[in-house]
Enquirer: 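Before anything else, here's the structure in question.
By convention here, the first residue in the shown sequence is residue 1. Predicted, not measured: the structure shown is a model, and the values here were computed from it.
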Amino acid sequence: MEYVHLGRSGLSVSRLCLGTMNFGPQTTEEDSFAIMDRALDLGINFFDTANVYGWKLGEGITENIIGRWFAKGGGRREKTVIATKLNGKMSNWPNDEKLSALNIRRACDASLKRMQTDYIDIYQAHHVDRDTPYEEFWEAMEVLRQQGKIIYVGSSNFAGWHIAKAQEAAARRNFLGFVSEQSHYNLLTRTVELEVLPACQDYGLGVIPWSPLAGGLLGGVLRKIDKGRSAAEHMERQLDKHREKIEAYEAFCDELGEDPAHVGLAWLLHQPAVTAPIIGPRTIEQLDGTMRTLEIKLDDKALARLDEIFPGHKTAPEDYAW
């Protein structure tokens, strides 16, 4: 396993991040434990979750599963860089969502309790909150850091100008600011190349792409549908929209002799500012198979071909101006 610093921080994380969103709704607790154990065996030390995962209002199902796994001991907590998120609604009562100082305090304490840990390695804003000033946000995060409850702060789903505004507010307080940004990024969804990636590069944030395989469209969907899998209605609609590109992509992967899922992840690892795509295996077999990604090196010709199939963006404003 290769390890890199997360953005400009001194924190070393694996080049793949284990996503836990399936834990509870799709993956049993027993299987979730096995996947997390296997991830550590493979050298993956970077796990991502959120207080809303599990998708039952206020229950924090996924965080609870992780907490019971940590409680098994054996160095599990010490080996894991755990990143969780807040912003989503945790009850129908006021102040149990967004990024107010009050919710930041309450949400952090609740996540710590569910995960049975004293501290969160990376505490991420799951989405921008346009109603809370950054002065309030950073003061609340500073207090948590002083209390030893969090170490680093990250953002998720922020625009480039949100990152700039947040980082400048943090700098005025002599605070480190964000060390990471979790963005929707894959070969089909490349909007972040306009301003988010350049902002992250300039401010030293590591990018953690979510949905790196576009919900399965980049994971060999054509051959899976031929075998009767991945034929959900929403998947078929997306496939109809992008069929020509997906056909060309899978044909190119065949030329490379590689699985489309591995190529899609490997492409992300070749992109500026990207630290670790979030993988969401539902089984140990899927997790083991993903390790091939780390061995794939795409040369300039292969990268150019992928850009032909899935055109991306130049940095703004050159993307749309002289």
Enquirer: Is any side-chain N of the basic residue among Asp307 and Arg190 closer than 4.0 Å to the acidic one's carboxylate O?
Expert: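 Here Asp307 pairs with Arg190 in a salt bridge, since their nearest N and O are under 4.0 Å apart.
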Enquirer: Is the shortest distance from a Lys or Arg side-chain nitrogen in Glu142 or Arg145 to a carboxylate oxygen in the other one below 4.0 Å?
Expert: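 Salt bridge absent between Glu142 and Arg145.
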Enquirer: Looking only at side-chain N and O atoms, does Tyr134 offer a donor or acceptor that is under 3.5 Å from a partner on Gln167?
Expert: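 Judged by distance alone, the side chains do not pair up.
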Enquirer: Is any side-chain heavy atom of Gln124 closer than 4.5 Å to one of Ile208?
Expert: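 SC-SC contact between Ile208 and Gln124 confirmed.
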Enquirer: Nearest 0.5 Å, please: how far is NZ in Lys113 from CD in Glu63?
Expert: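 Here the rounded value is 13.0 Å.
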Enquirer: Counting C-beta onward and ignoring hydrogens, is there a side-chain heavy-atom pair between His270 and Leu303 closer than 4.5 Å?
Expert: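 Of all side-chain heavy-atom pairs linking Leu303 with His270, at least one is under 4.5 Å.
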Enquirer: Tell me, do Val4 and Glu2 make a side-chain contact under 4.5 Å, heavy atoms counted?
Expert: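 In short, these two side chains touch, coming nearer than 4.5 Å.
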Enquirer: Does Asp37 have any salt bridge (Lys or Arg N to Asp or Glu O under 4.0 Å) partners at least two apart in sequence or in another chain, and if so, which?
Expert: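 Once residues adjacent in sequence are excluded, the partners of Asp37 under the salt bridge (Lys or Arg N to Asp or Glu O under 4.0 Å) criterion are Arg76.
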Enquirer: Verify the distance criterion only: is there a donor paired with an acceptor across the side chains of Ser183 and Glu181 at less than 3.5 Å?
Expert: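 A pair is found: one side chain offers a donor N or O, the other an acceptor, under 3.5 Å apart.
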Enquirer: Look up atom CG in Asp96 and atom NZ in Lys89, then write down how far apart they are to the nearest 0.5 Å.
Expert: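 Going from the CG atom of Asp96 to the NZ atom of Lys89 covers 10.0 Å.
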Enquirer: Is the closest side-chain heavy-atom distance between Cys200 and Ile163 below 4.5 Å?
Expert: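 Yes; the side chains approach each other to less than 4.5 Å.
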Enquirer: If every non-hydrogen atom of Ser180 is compared with every non-hydrogen atom of Ile122, which pair is closest and at what distance?
Expert: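 So the minimum-distance heavy-atom pair works out to OG-CG2, 4.0 Å.
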Enquirer: Mind telling me whether Phe158 and His162 have parallel, tilted or perpendicular rings, with 30° and 60° as the class edges?
Expert: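 It falls in the perpendicular class, over 60°.
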Enquirer: Answer yes or no: is there a side-chain heavy-atom contact under 4.5 Å between Asp31 and Arg282?
Expert: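 Of all side-chain heavy-atom pairs linking Arg282 with Asp31, none is under 4.5 Å.
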Enquirer: Once ring pair (Phe, Tyr, Trp, His ring centres under 6.0 Å) is applied, do any residues pair with Tyr152, and if so which ones, sequence neighbours excluded?
Expert: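 For Tyr152, no residue satisfies ring pair (Phe, Tyr, Trp, His ring centres under 6.0 Å) once neighbours in sequence are set aside.
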Enquirer: Is there side-chain contact between Tyr249 and Leu188, with at least one heavy-atom pair below 4.5 Å?
Expert: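 Heavy-atom side-chain distance check fails, nothing below 4.5 Å.
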